[in-house]
> 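One structure, as C-alpha cells, below. Some questions next.
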Amino acid sequence: MKEYRNYLHRLRSWRGLVPALAVFGASLLTAAPSGGPYGPVAQRYEIPANAAHVYYVAPDGKAEASGLTLAEPTTIETAIARVVTGDAVVLRGGEYRTGSLKLNQGITIQPYADEQPVIKGTKVATDWKKQRNGLWRTAWSTLFPARPADWWHRESVGQTTPMHRFNNDMVFIDGQPLQSAGWEGELNEGSFYIDYENGQVYLAVDPTTRVVEITAHDSALVRVTGDVHGKKSDKKGYTLRGLTLTQFAYRALEVEGLEPEGIADPATFGKDVVGTTIEDCTITHCSRVGGYFRGDRFTLRRCRVSDTSTEGIYLMAGSDCLLEKNVIARNNVEKIVGYYPSAVKIFNQTRRVVCRDNLVMDQPESNGIWYDVGNVDGVFVDNWIENCTDGFFYEISKNAIVAGNVFVDCEKGVRSLNSSGVRVYHNTFVNTGAAFERDGRSAEGDHFGWHPATGPGVEARVNHEFMGNLIVADKALRVPAWSYRIADASPYTPLVVFGQPQHLADRLTMSHVAAFDGNVYVRSGTALPGTVVTWSPSAGAKTNVEYATLADFRKAQPAFEANSQEFALPSSAVVRSVFLKNFELVPSFTATVPASTLPADAQKLLGWSAADATTPGAYRR
C-alpha cells in the first residue's frame with residue numbers, strides 16, 4: 001500500500017514516471033490496463049548491426065567531419081543530409097538547438113548507448129533592454145504569427161479565446177512556459193507579449209538572471225514525400241528511438257502524405273510513407289501539435305506526449321497503425337475554445353487503427369482519443385483514460401471494439417456520434433458514463449463538406465452494443481457542455497445515453513443498439529437520485545426519455561437489460577479504492593454477468609476466457 005501511495009504521488013508530479021508505473025503494473029496482475037510501464041523506458045541502445053552506414057553526431061560536432069567514427073562526430077544537419085535508406089544516425093547525449101530538418105529516407109535515428117539527446121526548437125535570448133515602464137524587450141527575427149482556421153467561429157467563441165492564442169511562438173523562463181498576452185498592459189510574471197510588426201518580444205520579469213528561451217523553429221524533423229538533399233523518397237518510414245523533442249513552434253514531427261478530400265479507396269492513400277516507427281521518445285511543449293503522421297503501418301510505442309495545444313498526436317489517412325503503452329497528458333494548455341482539441345486525433349478514413357494499453361490523463365480542456373471522419377474497424381482496448389472531456393470518441397465512422405478499458409472522471413467516458421457498430425464490452429467506468437448520439441448531419445450543406453459522407457448515412461447510425469460494463473458512481477456525473485437532452489429533462493447526467501434530437505423523432509425510429517445487456521450499475525452519494533438510462537427513440541411526445549432506475553427502464557423497454565443489475569452501494573463495497581484508483585473488484589462483490597457479454601473476437605483481443613467474461617468491467621477476478 002505504501003508503494004501504491006508513492007505511485008500516485010509520482011504520477012501526479014511526472015517524476016519517476018516509468019518506475020512508478022512499473023510498480024503499479026506489478027500490483028495489478030489481473031488488470032486489463034497493464035499498469036505500465038507507460039512512456040519512455042530508459043535503456044542502453046546498441047549500434048544497429050544491419051545499418052549500411054552509421055553517422056555519429058554530437059552537439060559540438062563539426063559539419064565538415066565525416067561522422068563515421070565516434071572520434072569525428074558531425075552535426076545532425078549534415079548527417080540528415082547525407083543518409084540513404086538503411087543508414088543510422090546515432091546521437092551523443094546533450095542539447096541540440098536545431099530544427100526544420102527534412103528527410104525522405106527510411107533510416108534509424110537513436111541515442112548512443114544510454115546517453116540522452118535533447119532536441120530543442122528554441123534559442124536563448126540574451127540581449128534584453130529595460131524600458132522606462134519597467135518592462136523588458138528584445139528583438140527577435142524568427143517569429144511564427146498565425147491565424148485560426150477558417151472553420152473557427154469567432155462570433156461564437158471569440159470572447160473566450162483571444163486571437164493572439166493562435167500565434168505559434170512560445171517563450172520559456174527557466175524551462176517554464178509562459179502564456180501569450182494581447183498587449184503590454186496584460187503582462188505579468190507568467191506571460192509574454194510579441195509586437196509582430198516590429199519584431200519585439202516583451203516580458204514583465206527581469207530576464208537578466210534567468211534563462212529565457214524563445215522558439216526559433218516550427219518543426220524538428222519533417223519526413224517529406226518529395227525530393228530533398230538530392231534524393232528521391234524511398235517511401236519508407238524512419239525509426240526514431242529514445243530522443244526528447246521539445247519547444248517547437250507548431251509541431252515537432254511531421255510525416256507527409258496524401259490526404260483524401262472525399263470518399264476514397266484505401267488502396268489509393270497511405271502509401272507515400274509506410275512503416276514509420278517512434279519508440280521511447282518524449283515530445284513536449286509544441287505550440288500546436290506534437291506530431292502529424294500519415295501513412296500505413298505507423299507505430300507509436302512507449303512515448304510521452306504532453307503540453308500541446310490542439311492535438312498531442314494527429315494520425316491521418318493510414319491503415320494498420322498501432323498506438324501502444326504511451327502516456328499522453330495536458331493537451332490544450334492554452335484553453336482554446338472552438339478548435340475541437342484532442343490528445344490523440346485519428347482522422348480521415350483510417351482502417352484498423354489499434355489503441356492498446358495507453359495512459360491518457362490530465363485533459364480537462366481536451367478530448368482523449370478521438371476517431372473522427374470515415375474511420376473503419378477501430379480497436380480500443382486496455383487503455384486508462386482519466387479526466388478528459390470525451391475519453392473515447394468515435395465520430396462519423398463505422399465499426400469499433402471498445403473493451404477492457406478504464407474511464408475515470410470524464411465528461412463522457414465513451415461517446416459515439418453519428419457512427420455505427422460501436423461495440424462496447426467489459427469496461428470499467430468510474431464517475432463517468434457512455435453516450436450514443438446521432439442527428440441529421442449529412443454531406444448536404446455541412447460546414448465540413450464531404451466529412452459526413454465518409455460515415456454511415458443518417459438512418460444507418462445503428463447496431464451499437466453495450467454489454468458487460470461496470471459503472472460505479474459515488475457522485476453526480478459531470479454535466480456535458482452539450483447533449484440531445486430536452487429542456488425539461490431531469491438535472492442529473494445519465495449513466496448511459498442513447499440520444500437524438502426531438503425534431504427527428506419521426507425519422508429516426510430505429511434502435512441505436514443491437515445489444516444492451518449484462519451491465520452492472522452501482523450508485524451512492526450524490527449520484528442518487530439520478531438517471532440510469534436516457535433512451536431514444538421513444539414513442540410519445542418525447543423521443544428522449546429518462547429512467548431513474550433499471551426496473552423503470554426494463555418495464556418500458558423489455559427487450560434490453562434483462563440480465564443487468566443495479567446496486568445502491570458505496571464504491572468501497574465494489575472496488576478496492578476509488579481514492580487510490582484501484583478498481584479491482586473486492587472479493588465480497590460477487591455479481592456476475594453472462595459470458596455472452598464478451599463475444600469471441602473481443603475475448604481474443606483481451607486474452608480472456610469465457611469464464612473471465614462472467615466478471616463485469618475491465619478487471620478479471
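Please read these numbers as outputs of a predicted model, since none were measured by experiment.
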> Do the rings of His464 and Phe436 sit parallel, tilted or perpendicular, given the 30° and 60° boundaries?
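It falls in the tilted class, 30° to 60°.
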> Judged by modelled atom types alone, do Asn582 and Ser577 share a side-chain donor-acceptor pair under 3.5 Å?
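Asn582 vs Ser577: no donor-acceptor pair found between side chains.
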> Return yes if some donor-acceptor pair links the side-chain N/O of Gln110 with the main-chain N/O of Val90 below 3.5 Å, else return no.
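Flag not set: sc Gln110 to bb Val90 has no pair under 3.5 Å.
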> Spell out, as yes or no, whether a donor-acceptor pair under 3.5 Å connects the side chain of Thr454 to the backbone of Gly374.
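Yes; judged by distance alone, with no hydrogens or angles, the pair exists.
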> Taking 4.0 angstrom as the limit, do Lys102 and Glu254 come out as a salt bridge?
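Salt bridge absent between Lys102 and Glu254.
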> Going by ring pair (Phe, Tyr, Trp, His ring centres under 6.0 Å), name the residues that satisfy it together with Phe248, two or more places apart in sequence or in a different chain.
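For Phe248 there are no ring pair (Phe, Tyr, Trp, His ring centres under 6.0 Å) partners, ignoring immediate neighbours.
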> Without swapping roles, check the side chain of Asn427 against the backbone of Val402 for a donor-acceptor pair under 3.5 Å.
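Side chain of Asn427 to backbone of Val402: a pair is present.
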> Trp152 vs Phe166 aromatic rings, parallel, tilted or perpendicular, using cut-offs 30° and 60°?
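If you compare the ring of Trp152 with that of Phe166, the planes turn out perpendicular.
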> Given 3.5 Å as the limit, does a donor-acceptor pair link the side chain of Arg251 with the main chain of Ser287, or not?
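No; judged by distance alone, with no hydrogens or angles, the pair does not exist.
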> Taking side-chain hydrogen bond (donor to acceptor under 3.5 Å, both in side chains) as the test, write out the residues that go with Ser191, two or more places apart.
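With neighbours one apart ignored, the set is Asn188.
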> For a 4.5 angstrom cut-off between non-hydrogen side-chain atoms, does Phe380 reach Asn383?
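In short, these two side chains touch, coming nearer than 4.5 Å.
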> Find out whether Ile107 and Val89 are in side-chain contact, i.e. whether some heavy atom of one side chain is under 4.5 Å from a heavy atom of the other.
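They are in side-chain contact.
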> Tell me, do Asp218 and Asn168 make a side-chain contact under 4.5 Å, heavy atoms counted?
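The answer is no; the side chains never approach within 4.5 Å.
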> Between Arg294 and Glu259 (salt bridge meaning N to carboxylate O under 4.0 Å), is one present in this structure?
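The answer is yes: the pair qualifies as a salt bridge.
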> Could you check whether any side-chain heavy atom of Pro117 comes within less than 4.5 Å of a side-chain heavy atom of Tyr96, counting everything from C-beta outward?
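Contact flag for Pro117/Tyr96 side chains = yes.
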> Would you say that Tyr238 contacts Arg223 through its side chain, given a criterion of any heavy-atom pair below 4.5 Å between the two side chains?
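Yes, close enough: below the 4.5 Å cut-off.
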> Charged N to carboxylate O under 4.0 angstrom, Lys123 versus Glu213?
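Judged by the 4.0 Å cut-off on N to carboxylate O distance, Lys123 and Glu213 do not form a salt bridge.
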> Flag the pair Asp320 / Asp296 as yes when at least one side-chain heavy-atom distance between them is below 4.5 Å, and no otherwise.
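No; the side chains remain at least 4.5 Å from each other.
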> Within the side chain of Asn387, is there an N or O that forms a donor-acceptor pair under 3.5 Å with the backbone of Asp362?
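Not confirmed, Asn387 side chain does not pair with Asp362 backbone.
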> Regarding Tyr425 and Arg423, is there a side-chain donor-to-acceptor distance under 3.5 Å anywhere?
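On atom types as modelled, these side chains qualify, holding a pair under 3.5 Å.
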> I'd like to know if the side chain of Asn367 pairs up with that of Ser342 as donor and acceptor (distance under 3.5 Å, no hydrogens or angles considered).
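On atom types as modelled, these side chains do not qualify, holding no pair under 3.5 Å.
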> Test of understanding: with side-chain hydrogen bond (donor to acceptor under 3.5 Å, both in side chains), list the residues that count as partners of Thr142, not counting sequence neighbours.
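Thr142 satisfies side-chain hydrogen bond (donor to acceptor under 3.5 Å, both in side chains) with Trp140 only.
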> Is the closest side-chain donor-acceptor distance between Arg288 and Ser309 under 3.5 Å?
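Judged by distance alone, the side chains do pair up.
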> Is it the case that the side chains of Thr284 and Thr246 hold a donor-acceptor pair, with the cut-off being a distance below 3.5 Å and no angle test?
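Looking only at side-chain atoms, Thr284 and Thr246 do form a donor-acceptor pair, the distance falling under 3.5 Å.
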> Under the ring pair (Phe, Tyr, Trp, His ring centres under 6.0 Å) definition, can you give me all pairs with a residue in residues 315-336, not counting sequence neighbours?
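Sorted pair list comes back empty.
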> Under 3.5 Å, is there a donor-acceptor pair between the side chain of Gln179 and the main chain of Val333?
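Yes, Gln179 side chain to Val333 backbone: donor-acceptor pair under 3.5 Å.
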> So, for Arg415 and Lys412, which heavy atoms are closest and what is the spacing to 0.1 Å?
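Smallest interatomic distance, heavy atoms only, reads NE-NZ, 3.6 Å.
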> Could you check whether any side-chain N or O of Asp174 sits under 3.5 Å from a backbone N or O of Val211, counting only pairs where one atom can act as donor and the other as acceptor?
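At least one qualifying donor-acceptor pair exists.
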> Below 4.5 Å, heavy atoms only, C-beta onward: do Val305 and Asn326 meet side chain to side chain?
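A side-chain contact under 4.5 Å is absent here.
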> Please list, chain by chain and in numerical order, all residues satisfying side-chain hydrogen bond (donor to acceptor under 3.5 Å, both in side chains) with Ser180, sequence neighbours excluded.
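With sequence neighbours excluded, Ser180 shows a side-chain hydrogen bond (donor to acceptor under 3.5 Å, both in side chains) to His164, Arg165, given in chain and number order.
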> Flag the pair Asp382 and Lys325 as a salt bridge only when some basic side-chain nitrogen lies within less than 4.0 angstrom of an acidic carboxylate oxygen.
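Not counted as a salt bridge, because no side-chain N and carboxylate O are separated by less than 4.0 Å.
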> Can you see whether Ser397 engages Asn375 through a side-chain donor-acceptor pair at a distance of less than 3.5 angstrom?
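Yes, because at least one side-chain N or O of Ser397 sits under 3.5 Å from a partner of the opposite role on Asn375.
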> Output yes when a side-chain donor or acceptor of Lys271 lies under 3.5 Å from a complementary backbone atom of Gly257, and no otherwise.
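Absent.
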> Should the ring pair Tyr371 and Tyr394 be called parallel, tilted or perpendicular, given that the plane angle runs from 0 to 90° and is split at 30 and 60?
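Taking Tyr394 first and then Tyr371, their aromatic rings sit tilted (interplane angle of 30° to 60°).
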> Test Arg97 against Thr122 for side-chain hydrogen bond (donor to acceptor under 3.5 Å, both in side chains), laying out the working first.
CA-CA 6 Å; Arg97 290 193 184 272; Thr122 53; 2.8 Å; yes
> Fit a plane to each ring of Phe172 and His285, take the angle between them on a 0 to 90° scale, and name the class: parallel (under 30°), tilted (30 to 60°) or perpendicular (over 60°).
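Because their plane-to-plane angle is over 60°, the rings of Phe172 and His285 count as perpendicular.
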> Phe429 pairs by ring-ring contact (aromatic ring centres under 6.0 Å, His included) with which of Phe392, Phe583, Phe407?
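The passing option is Phe407.
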> Looking at every heavy atom in both Ala343 and Gln363, which two are closest together, and how far apart are they?
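Smallest interatomic distance, heavy atoms only, reads CB-NE2, 3.4 Å.
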> Are any side-chain N or O atoms of Thr432 and backbone N or O atoms of Cys410, one a donor and one an acceptor, separated by less than 3.5 Å?
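Side chain of Thr432 to backbone of Cys410, a donor-acceptor pair under 3.5 Å: yes, one is there.
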> Has Asp169 got a side-chain atom pairing as donor or acceptor with Phe144's backbone, closer than 3.5 angstrom?
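Yes, Asp169 side chain to Phe144 backbone: donor-acceptor pair under 3.5 Å.
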> Is it true that Arg352 and Asp377 make a salt bridge, defined as a side-chain N closer than 4.0 Å to a carboxylate O?
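Result for this pair is no, no salt bridge flagged.
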> By salt bridge (Lys or Arg N to Asp or Glu O under 4.0 Å), which residues pair with Arg302, not counting sequence neighbours?
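Arg302: salt bridge (Lys or Arg N to Asp or Glu O under 4.0 Å) contacts with Asp280.
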> Aromatic ring centroids of Tyr339 and Trp151 under 6.0 Å?
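Ring centres of Trp151 and Tyr339 closer than 6.0 Å.
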